Each structure stands twice: as structure tokens, then as C-alpha cells.
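Just so you know, these numbers come straight off a predicted model, no measurement behind them.
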Amino acid sequence: MGIEHTAKSFKSGNSVAIRIPAALGVEPDREWSVEEKDGELILRPKDRPKRKFNIDKVWGIGRGSGLKRIEPEDRLFEPSPRLWDDPEWRAKHGWPEPADDGDSA
């Protein structure tokens, strides 16, 4: 396996803590799940929570840069072809033909 280290347990409040040797490279302030199995302790690092985006740090960052707001009338997009619009693809994958709702463009 790896190099064996000695760690010491001690009382910390109402809990028992174990000092992890720095040589193992464990980061401080990391959360761990601890499991007891057949008299052995198994430690696994918990996933770190995903960082939330803080809009306060970027709000107004574009001021003075010459960027202009996109007006609603300029927010038009050309329709793009979709895979499922192809009759051959629909037949191959068992998709029914689209219903004619009478709203032809």
C-alpha cells in the first residue's frame, strides 16, 4: 500500500479528534464522511459544494465599454432545422408525423 503514519486521538469538546499527519497532504477545512466497518474507520472526502455565481461582483461591469443593450425587437432568431423535422429520420425512429394544427407559416 503506502507509507504508514502514526496519528494520535485526543478529546475535543464532546468529540474525539484524530490528528492527520501533514505528510498525507490533507487540506484543512475539508469535510469528510466517516464510516466504521469491522472495527476500522474509513474516511472519504465529501464533494465540495458548487460555488454560486455572485452577480454583485459583475453588475455594471460593462458600463463605459461601449456595449449596448439588445432591444426586444432585435432579439429575433432565424428558425434552424431540427433533426426531428426530417420525415426520413422520424420514420426511422418511429416518431409520428406532426399533426397539422392549421397554423401554416
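- Hydrophobic clustering keeps Leu41 apart from Val16 (ILVMFWY residues linked when any side-chain heavy atoms are closer than 4.5 Å, directly or through intermediates).
- Counting heavy-atom neighbours within 6.0 Å of Glu97 CD, excluding the residue itself, gives a total above 12.
- The aromatic rings of Trp95 and Trp84 sit parallel to each other, their planes meeting at less than 30°, with 60° as the upper class boundary.
- Looking only at distances, no side-chain donor or acceptor of Arg44 sits under 3.5 Å from a matching main-chain atom of Trp32.
- Closest non-hydrogen pair, Ser33 versus Lys46, comes out as N-CG, 3.8 Å.
- For Glu88, the CD atom sits in a loose shell: 12 or fewer heavy atoms of surrounding residues, nucleotides or ligands are nearer than 6.0 Å.
- A donor-acceptor pair under 3.5 Å is absent between the side-chain atoms of Asp86 and the main chain of Leu83, judged by distance alone.
- Other residues, nucleotides and ligands contribute only 12 or fewer heavy atoms inside 6.0 Å of the CD atom of Glu31.
- Formation of a donor-acceptor pair under 3.5 Å by the Arg19 side chain with backbone atoms of Ala7 is not found in this model.
- Two different hydrophobic clusters hold Ile3 and Val26 under the rule that ILVMFWY side chains link at heavy-atom gaps under 4.5 Å.
- When side chains are defined from C-beta on, Ile18 does not count as touching Lys8, because their heavy atoms never get closer than 4.5 Å.
- There is no path of hydrophobic side-chain contacts, each under 4.5 Å, that joins Phe10 to Leu43.
- Of all the heavy atoms in Ile70 and Arg75, the pair that sits closest is O-NH2, 2.9 Å.
- The backbone N or O of Asp74 sits nowhere less than 3.5 Å from a side-chain atom of Glu71 that would complete a donor-acceptor pair.
- One N or O on the side chain of Lys11 and one on the backbone of Gly13 form a donor-acceptor pair closer than 3.5 Å.
- Summarising the local packing, CD of Glu73 is surrounded by more than 12 heavy atoms from other residues, nucleotides or ligands at distances under 6.0 Å.
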